[in-house]
Every structure is written in structure tokens, then in C-alpha cells.
Amino acid sequence: MAAGDELPRIAVVGAGIFARTQYIPRLREIAHLVLLKTIWSRTKESAEAAAELARDFAPEIQPRWGDAGLEEIMGDASISAVAVVLAGQVQVELSLKMLKAGKHVIQATMEAETALSVYNSFPNQFPYKPIWALAENYRFEPAFVESRKLMSDIGDMMNIQVIVEGSMNSSNPYFNSSWRRNFVGGFILDMGVHFIAGLRMMVGSEIATVSSISRHVDKALPPPDNICSLFQLENGCAGVFVFAVSSRSPKILWRVDGTKGTVQIERGIASGKHGYQVLFTNENGQCQTTFYPFCGVNEELKAFVHDIVQAKKDGDHKAESRSSYVEGARDVAVLEAMLESSAKQGATVQVKKFLHP
């Protein structure tokens, strides 16, 4: 940022586990780029406790709570952007309110059609259209960025495997999250969008059709907790997506086999850091391995801040393509098609298409 430019001010709406353990630490790391002005929660106690966690890098932070607090954020002209970190059922509605108030918004999960039509119908009442960016998507993880580049070296894609054996059990802080248990699609949809985002980023081709069977095996989890899906890309290549929400042997990998080589991304730990191991095997059978630590949340927040600064300068700037709300809608559409197929005993279902405006 150029000398003399004022840092954009952001509010965090939500003070739950993810806001406290992910957003506040990440905003601390980019405090030279953006100023955290406000954090909101439903209760005064929760808002004040979360604000204290950020006071070391945002000494002037103001806790806000309840409906009055939301109104204050929407009416505060000094706040240019809002990170909405709330339950999936209320997140989109609140994001649209903030967007209507002229705030740029970054949020996680997305309800697709209705929300997109509302956002696209906004009158041009501001100097620029507020940016609606998607958070917590794997498109910003360096492992997927680099793997996408390697895809050109494996020749024609022959098949794809996405294997997710999750670890969502009682020791996980999100296990008893009530909104996920009352969410249509449960953990399959909430967790699955991230794995679909990684898949779509990696292969660079949209998923056209799916045929799936889902089951409810672990009664401690909301239904369904297992899904097996056969999918076909628009380029004709087929693959499988196998997802168990909770497994005794957690493993997460994406693998694409081509005529000249293979690219595989696997979740893992190296030197005490969590991240992804990328394995590239060339046509001579030689394997090259690179480890990339998790840093996607940092990168997407940096991109969001860059976008809102640009929007102020040129008046016609959209979200970085990887964090476009349309990409979130496309991720959700794949999972929804898989769940719809399962409800139809595995019948082939076309994935809904969403176009960039």
C-alpha cells in the first residue's frame, strides 16, 4: 500500500470458534494491510471476549452485539468491509444486508440461486458495487495453485480420484455445532464444498454430471455421513468422489492420472506443520514431492483487502476470480447434485451452471 494511504477498516461479524481461532490470528498477521475496527456477536460477553483476543494488534477495537450492534456496523461509514463468520443458515441473509449497506463482504458457505439473483439485482447506488468474496476455499492454498500448473505435464487426463476419510468425531470442536446438525446435507455439504473447490481448481474443467449413493452409518452424526459419487467433467474425463465424514484412519487426497504422468495432493504434516504433500510423477516414473503448509486463509484475506483497495481507486473492480461468489455457488451446486442423485437412487443428475456476470 502506498505511503499515506489509509488502511481499510474491517468488521468481523461472529465470535465463534472459527472467528477466534482463524480470523483473529490471520488478521493479526496482515495488520499492516487492514485495520480490525469491530467484532460483533449476539451477546455482549462473547463480543467483548473476542475483542480482547485482538486488542494486541487492534488496540482501538470496538465490541458490538445484538441487533443494535449490526445496525451500528451497517451505519458506520468508516467500515468498508465485513467478514461474516456465522452459522450457514443465517450467513447469506446477513451478508446481503451488509452488501446492501455498501459493505464489501467475505464469507464462507453460500446458498446459490436466490442469493445470487438478489445480489445481481442490486441497484447501482454506490460509487462501486460492493465485492462479495468467498472465504475458506482451497483455491488459495499454494498446493492447489502449483498442482494446477503441473496438470499440463501429465498429458490427457484418464481418471480422477478424490478420497476423503474425515475425522469429525467427538474430539473435534465442531462436532456438536448445532447449526451443522440442522443443516440440509449436514457435514457432507459443510465440509464437502472445500474438497470440491480443490478438485475444480486442480482439474480446470467443470463437473457436468454426477451419480451418487449416500448413506447414514454413524448415528452420532447427522445424515448423510457417507457418500460415493461418480462424476464426469465437461472435457469427458470421469472420476470418483468418496467421502466419509468420520473415519478411524483419516486420509484426504486428490489424484489425477494422465497419459504422461500423475499429480496427487495429500493432506499431511511435515516438520510439525499441517499442509499438503504434492506428488508429481512424470512419464519416466520419477516422483517429485513438495510440501506446502496451510496458508490459504491468509492469501484469500490479502486478496480481499487488495480488491477493496482497488475498488476504491478504480470503481469497477471485482473480487479476485478464485474468491468470486460464483465459484462458491458452483462448489455448492456439485454437492447438491450429488445429494439429489442419491435421493433418486443414484440417477444421473446434471450440475447446475452459474455464469460470471
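The figures here come from the full heavy-atom set of this structure, side chains too, leaving out hydrogens, waters and symmetry mates. No experiment lies behind these values; they were computed from the predicted model shown.
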Exercise. Say whether Trp40 and Leu99 are linked into one hydrophobic cluster, either directly or through other cluster members, by side-chain heavy-atom distances under 4.5 angstrom.
Key: yes

Exercise. With sequence neighbours excluded, tell me which residues meet salt bridge (Lys or Arg N to Asp or Glu O under 4.0 Å) with Lys353.
Key: Glu234

Quiz item: In this structure, which one of Val305, Leu301, Val84 forms a side-chain contact (heavy atoms from CB on, under 4.5 Å) with Ile106?
Solution: Leu301

Quiz item: Say you draw a straight line from CG of Leu36 to CD of Glu60; how long is it, rounded to the nearest 0.5 Å?
Solution: 12.0 Å

Quiz prompt | Test ring-ring contact (aromatic ring centres under 6.0 Å, His included) applied to Phe144 - qualifying residues, sequence neighbours left out | solution = Tyr138, Trp254, Tyr276

Quiz item: Mind checking whether Ile207 and Val334 have side chains closer than 4.5 Å, heavy atoms only?
Solution: yes

Quiz item: Quick one: does Val245's side chain get under 4.5 Å of Asp218's, heavy atoms only?
Solution: no

Quiz item: Listed by chain and number, what are the side chain to side chain donor-acceptor pair (under 3.5 Å) partners of Asp56, not counting sequence neighbours?
Solution: Arg28

Practice problem: Only counting residues at least two apart or in another chain, list the ones meeting salt bridge (Lys or Arg N to Asp or Glu O under 4.0 Å) with Arg215. | Solution: none

Self-check item: Salt bridge Asp76-Lys103, side-chain N to carboxylate O under 4.0 Å
Solution: no

Quiz item: Under 3.5 Å, side chain of Arg267 to main-chain N/O of Ile252, donor-acceptor pair present?
Solution: no

Exercise. For residues Val203 and Met157, report the shortest heavy-atom separation together with the two atoms involved.
Key: O-CE, 3.9 Å

Self-check item: Shortest non-hydrogen contact from Ile24 toward Ala50
Solution: CD1-O, 3.5 Å

Quiz prompt | Heavy-atom side-chain contact between Ile196 and Phe241 under 4.5 Å | solution = yes

Quiz item: Are Arg200 and Glu327 ion-paired here, with the side-chain N under 4.0 Å from a carboxylate O?
Solution: yes

Quiz item: Can any side-chain N or O of Ser341 pair as donor or acceptor with the backbone N or O of Ala337 at less than 3.5 Å?
Solution: no

Quiz item: If two hydrophobic side chains count as joined below 4.5 Å and joins carry through other members, does Leu96 share a cluster with Met98?
Solution: yes

Quiz prompt | Atom pair CG (Leu335) and NE2 (His194), whose distance is rounded to the nearest 0.5 Å | solution = 10.0 Å

Practice problem: Kindly say whether Gly261 contributes a backbone atom to a donor-acceptor pair with the side chain of Asn282 at under 3.5 angstrom? | Solution: no

Quiz item: Is there side-chain contact between Ile154 and Thr262, with at least one heavy-atom pair below 4.5 Å?
Solution: no

Practice problem: Identify whether Phe294 and Val164 are in the same connected component of the hydrophobic contact network (ILVMFWY, side-chain heavy atoms under 4.5 Å). | Solution: yes

Quiz item: Would a distance-only check, ignoring hydrogens and angles, find a side-chain to backbone donor-acceptor pair under 3.5 Å from Ser211 to Thr348?
Solution: no

Exercise. Quick one: list whatever passes side-chain contact (heavy atoms from CB on, under 4.5 Å) with Leu253, sequence neighbours left out.
Key: Ile163, Lys251, Arg255, Gln264, Glu266

Practice problem: Please determine if Lys219 and Asp225 form a salt bridge, counting it only when a charged side-chain N lies under 4.0 Å from a carboxylate O. | Solution: no

Quiz prompt | Trp132 and Gln107 side chains, donor-acceptor separation under 3.5 Å | solution = yes

Quiz item: Can you name the closest pair of heavy atoms from Arg20 and Ala15 and give their distance?
Solution: NH1-O, 2.8 Å

Quiz item: Do you know which two heavy atoms are closest between Val85 and Ala19, and how far apart they sit?
Solution: CG1-N, 4.0 Å

Quiz prompt | Leu233 vs Ile160, side-chain contact (heavy atoms from CB on, under 4.5 Å): CA-CA, chis, key distance, verdict | solution = CA-CA 10 Å; Leu233 304 182; Ile160 304 160; 3.6 Å; yes

Self-check item: Residues in side-chain contact (heavy atoms from CB on, under 4.5 Å) contact with Ala51, at least two apart in sequence or another chain
Solution: Ile39, Arg55, Ile61, Pro63

Quiz prompt | For the student: nearest non-hydrogen atoms of Ser214 and Ile227, plus distance | solution = CB-CG1, 3.9 Å

Exercise. Output, in order, the C-alpha distance, side-chain angles, deciding distance and verdict of side-chain contact (heavy atoms from CB on, under 4.5 Å) for Trp65 and Ser46.
Key: CA-CA 8 Å; Trp65 55 88; Ser46 178; over 6 Å; no

Quiz item: Side-chain contact, heavy-atom cut-off 4.5 Å: Leu86 with Val13?
Solution: yes

Exercise. Examine Val210 and Ile213 and state if one hydrophobic cluster contains both, with Ile, Leu, Val, Met, Phe, Trp and Tyr joined whenever side-chain heavy atoms are less than 4.5 Å apart.
Key: no

Self-check item: Any Ile131 side-chain heavy atom under 4.5 Å of Val105 side chain
Solution: no

Practice problem: Output, in order, the C-alpha distance, side-chain angles, deciding distance and verdict of side-chain hydrogen bond (donor to acceptor under 3.5 Å, both in side chains) for Lys37 and Ser78. | Solution: CA-CA 9 Å; Lys37 182 176 182 183; Ser78 73; 2.5 Å; yes

Quiz item: In chain order, what residues pass the side-chain contact (heavy atoms from CB on, under 4.5 Å) check against Glu340, with sequence neighbours excluded?
Solution: Lys344, Val349

Self-check item: Ala83 to Tyr23 - nearest heavy-atom pair and separation
Solution: CB-CE2, 3.9 Å

Self-check item: Non-neighbouring partners of Glu72 that pass side chain to side chain donor-acceptor pair (under 3.5 Å), sequence neighbours left out
Solution: Arg64

Quiz item: Are Arg330 and Val351 close enough, and set up right, to give a side-chain contact (heavy atoms from CB on, under 4.5 Å), and what steps lead you there?
Solution: CA-CA 9 Å; Arg330 289 174 176 175; Val351 177; over 6 Å; no

Practice problem: Using the salt bridge (Lys or Arg N to Asp or Glu O under 4.0 Å) rule, collect all pairs that involve residues 156-165, keeping only residues at least two apart or in two chains. | Solution: none

Quiz item: So do the side chains of Met338 and Ser229 get within less than 4.5 Å of each other, counting heavy atoms only?
Solution: yes

Exercise. Please lay out, stage by stage, how Gln288 and Leu279 fare under the test side-chain contact (heavy atoms from CB on, under 4.5 Å).
Key: CA-CA 6 Å; Gln288 167 192 319; Leu279 294 86; over 6 Å; no

Quiz item: With the 4.5 Å side-chain cut-off for hydrophobic clustering, are Leu230 and Ile188 part of the same group?
Solution: no

Exercise. Using salt bridge (Lys or Arg N to Asp or Glu O under 4.0 Å) as the criterion, list what pairs up with Lys97, not counting sequence neighbours.
Key: none

Exercise. Using the test salt bridge (Lys or Arg N to Asp or Glu O under 4.0 Å), find all partners of Glu146 that sit at least two apart in sequence or belong to another chain.
Key: Lys149

Practice problem: Can you label the angle between the Phe195 ring and the Phe243 ring as parallel, tilted or perpendicular, going by 30° and 60°? | Solution: perpendicular

Practice problem: Examine distances only and state if a side-chain atom of Glu206 and a backbone atom of Ala208 form a donor-acceptor pair shorter than 3.5 Å. | Solution: no

Quiz item: Is Cys295 close to Pro142 at the side-chain level, that is, under 4.5 Å between some pair of heavy atoms?
Solution: yes

Quiz item: Are the side chain of Ser247 and the backbone N or O of Ser249 linked by a donor-acceptor pair below 3.5 Å?
Solution: yes

Quiz item: CD/Gln161 to CG/Leu199 distance, rounded to the nearest 0.5 angstrom?
Solution: 12.0 Å

Quiz item: Listed by chain and number, what are the side-chain contact (heavy atoms from CB on, under 4.5 Å) partners of Ala81, not counting sequence neighbours?
Solution: Ile10, His104, Phe304, Ile308

Quiz prompt | Under 3.5 Å: donor-acceptor pair, side chain of Arg26, backbone of Asn298 | solution = no

Self-check item: Asn284 atom CG, neighbour heavy-atom count above 12 within 6.0 Å
Solution: yes

